[in-house]
Number of protein chains: 2
Amino acid sequence: MSASIHEADSQTGLPQRPHDGLPRVAGPDSGEVFTPRAAPGDDLPTFSPLYRQIKARLLRALEEGEWKAGAMIPSEGGLARRFMVSQGTVRKAIEELATEHVLVRHQGRGTFVATHHEERAQFRFLRLRKDTGGLPATESRIIECRRCRPPAEVARELRLRAAESAIFIRRLLSVDRAATVLDEIWVPAGLFRGLNIERLEAHHGPLYALFERNFGVTMLRAHERLKAIACPAEQAQWLGLAEGSAVLLVDRVSTTYNDQPVEVRKGYYLTREHHYANELL
Amino acid sequence: MSASIHEADSQTGLPQRPHDGLPRVAGPDSGEVFTPRAAPGDDLPTFSPLYRQIKARLLRALEEGEWKAGAMIPSEGGLARRFMVSQGTVRKAIEELATEHVLVRHQGRGTFVATHHEERAQFRFLRLRKDTGGLPATESRIIECRRCRPPAEVARELRLRAAESAIFIRRLLSVDRAATVLDEIWVPAGLFRGLNIERLEAHHGPLYALFERNFGVTMLRAHERLKAIACPAEQAQWLGLAEGSAVLLVDRVSTTYNDQPVEVRKGYYLTREHHYANELL
DNA sequence: TAGTGGTCTAGACCACGTG
DNA sequence: ACGTGGTCTAGACCACTAT
């Protein structure tokens, strides 16, 4: 424990006050701690518990790269001393980050920054499954990778300014040698300088692992919109289908810290021997 | 609260031992408590923490109908006395059940058994969204409801015995007067005695709310498999489509307590102005 | 053996909803 | 004013991993 102001208290015979009883407020989870509540009358600053403020500070540290993907973060005790709160409070903050897959806890080993370099993360963002039940072993072939002006809707979803351009990637995923998913991907060119087809082809494993390792961009969440459509001619050709065949279109917007969108993806899924699996809880 | 044998203990002036220090084991979350660890050598009984045993006992009580859907369960303090554990342990058990949407907590009011009679639950099992963004206001029309022998695959998914029959429901969901989803539903006849088209038509609101109120069957989870298919003639007619149009087929198996499957559903989604929304975390 | 996360307890106080 | 869940703390011990 840090030899802090509080330590002095415990040297007196005082009843070891549990905590100082000050209500805490903060903007939407800013880093403020021990801020007294605003005068009664203003409403908006709304109550924010200590552990959420700690969570916000951990997120800020992660976003600023204090700990890289895959690295161990300090122990609960260490963080408790750093933030001047009890271990239990740090624990609750970490627990929320763990359920959001931002951190991963390992009993006896420590707490680590989640990474896409794992089997686990692999199928969190790929819901394709074989109808027979198993997980599909996919093989990726990069078709093209070029700088471009994205379609207006994609630019809006990526929140690009008018002048900004994107990098466009087209790739084909095959399962058991059979073309199954055609992905069309846009990412902001500014965030992925130097991304080209050679680097993509040199990489093996999930695309998000490459994004993470080479560009420091960690995908945390994605929102998907699914439709059944008649496959356009161009995409049908890559999938070896007749134009107009029914395909599953998966429209994805992926986000990193602060819900910042950093990837838009349109996936054309051939669902003859595969399906998109989803669990409703 | 049950005035059980254990109550006597708290009347003695004992130092209220934190806990007895006995390691707890149990089968896969059976109701066993305070069972000492098996001799070192056998491995399988695997450690089960107290709060999971409490969780299992709460689940058993729920399954046995001790508290009906929508009802308030005893307070944390009351449950702690009943189960002879600390409030914090009960709290952790309830927390898990709340994240699984089995229970719902309301600060200042109490903890309640989750129910499908709420706006909240409505769209947890219906992922249909308008392309324009809003939630669709759906209107349901029952097409038919009859007892039948289900297809072999459905019977297997419902774990029906050879002699058991099912009830088949076909209904059409419309959004803004336009047919949008055709649902074909099978449920075990044994669990839904008396379910007929009159009762279905008399009911307004989510189907699962009717299942819950009239038959005591609470849907807790569902697994869905999505495919894009060419719409068969019969279903196309109900949706007002040309045969062979691309439709989204949503294959669902719903389960209640103990992961017991109690409904199989095939939904044919017209995704021209709507889509299936999914969040990847 | 040392260090980490995991469990369990006890008690104080806060925020919320209802009388 | 009361009862409920929500937060925070402190401390003990258990389980797991690495050295």
Side-chain angles (χ1 to χ4, degrees), chain A residues 1 4 6-7 9-10 14-26 33-34 36-37 40 43 45-55 72-81 83-98 103-112, chain B residues 1 10 14-26 33-34 36-37 40 43 45-55 72-81 83-98 103-112:
Chain A
M1 300 164 203
S4 66
H6 303 307
E7 289 293 301
D9 291 356
S10 62
L14 287 182
Q16 194 72 303
R17 50 137 185 56
H19 65 115
D20 52 27
L22 280 179
R24 282 92 170 187
V25 295
V33 182
F34 296 137
R37 176 182 279 292
D43 279 341
T46 195
F47 175 76
S48 172
L50 233 200
Y51 73 88
R52 280 205 189 279
Q53 301 175 36
I54 301 302
K55 181 185 175 187
M72 178 180 172
I73 73 171
S75 72
E76 295 179 351
L79 290 169
R81 285 191 296 278
F83 293 132
M84 296 282 296
V85 298
S86 80
Q87 182 170 335
T89 299
V90 169
R91 186 171 187 73
K92 188 148 185 181
I94 291 180
E95 232 149 45
E96 287 203 355
L97 292 171
L103 298 176
V104 180
R105 325 184 70 164
H106 290 290
Q107 180 172 137
R109 290 210 287 137
T111 301
F112 301 79
Chain B
M1 39 206 108
S10 61
L14 288 182
Q16 196 73 298
R17 46 131 186 65
H19 65 114
D20 50 29
L22 281 180
R24 282 91 170 187
V25 295
V33 182
F34 295 140
R37 176 181 280 293
D43 280 340
T46 196
F47 175 76
S48 172
L50 234 200
Y51 73 88
R52 280 205 190 279
Q53 302 175 36
I54 301 303
K55 181 185 174 187
M72 179 180 171
I73 73 171
S75 73
E76 295 179 353
L79 291 169
R81 285 191 295 280
F83 293 132
M84 296 283 297
V85 298
S86 80
Q87 181 170 334
T89 298
V90 169
R91 186 171 187 74
K92 188 149 186 183
I94 291 181
E95 233 147 44
E96 287 204 354
L97 293 171
L103 298 177
V104 180
R105 325 185 71 163
H106 291 291
Q107 179 171 138
R109 291 210 287 136
T111 302
F112 300 80

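Everything numeric here is computed off the predicted structure, so don't read it as measured data. Letters A, B, ... mirror the listed sequences (proteins, then strands); counts begin at 1.
For B:P49, taking side-chain heavy atoms from C-beta onward, the closest of the listed nucleotides C:dT4, C:dT7, D:dT9 is C:dT7. Across C:dC8, D:dC8, D:dT4, the shortest atom-to-atom separation from the side chain of A:L50 is found for D:dC8. Side chain of B:R109, nearest nucleotide from D:dA18, C:dT18, D:dT9: C:dT18. If you check C:dC8, D:dC8, D:dT4 against the side chain of A:T89, the one that comes closest is D:dC8.
B:L79 has its CG atom 14 Å from the P atom of C:dT9, to the nearest Å. What separates CG of A:L103 from P of C:dT4 is a distance of 16 Å, to the nearest Å. In this structure, B:Q87 places its CD atom 16 Å from P of C:dC13, rounding to the nearest Å. Atom P of nucleotide D:dT4 and atom CD1 of B:I73 are separated by 12 Å, given to the nearest angstrom. The interatomic distance linking B:L97 (CG) with D:dG5 (C1') rounds to 15 Å, in whole Å. Rounded to an integer number of Å, the gap from B:R52 CZ to C:dG6 C1' is 11 Å. If you take CZ of B:F83 and C1' of C:dT9, they are 18 Å apart, rounded to a whole angstrom. Distance, A:R105 CZ to D:dC16 P: 16 Å, rounded to whole Å.
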>> What verdict does the side-chain contact (heavy atoms from CB on, under 4.5 Å) test give for A:M72 and A:R109, after you've listed the backbone C-alpha separation in whole Å, the side-chain angles of each residue and the deciding distance to 0.1 Å?
In response: CA-CA 9 Å; A:M72 178 180 172; A:R109 290 210 287 137; over 6 Å; no
>> Under the criterion side-chain contact (heavy atoms from CB on, under 4.5 Å), I'd like the reasoning laid out for B:V90 against B:V85: C-alpha separation, chi angles, the key distance, then a yes or no.
In response: CA-CA 7 Å; B:V90 169; B:V85 298; 3.7 Å; yes
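Taking CD1 of A:I94 as the start and CG of A:L103 as the end, the distance is 6.5 Å to the nearest 0.5 Å.
Between A:R91 and C:dG6 there is a side-chain N or O to OP1 or OP2 distance below 4.0 Å. Residue B:K92 places no side-chain N or O under 4.0 Å from the OP1 or OP2 atom of C:dC8. The phosphate of C:dG3 (OP1 or OP2) has no side-chain N or O of A:S75 nearer than 4.0 angstrom. Neither OP1 nor OP2 of C:dC8 sits under 4.0 Å from any side-chain N or O of B:S86.
Using a 4.0 Å heavy-atom cutoff across all strands shown, B:E76 reaches sugar-phosphate atoms only and no base atom.
Between B:K55 and B:A93 the shortest heavy-atom distance is N-CB, 3.8 Å. For the residue pair B:S48 and B:Q53, the shortest heavy atom distance occurs at O-NE2, 2.9 Å.
Projected onto DNA chain D by closest heavy-atom contact, A:Y51 and A:G108 fall at different nucleotides, the more 5' of which corresponds to A:Y51.
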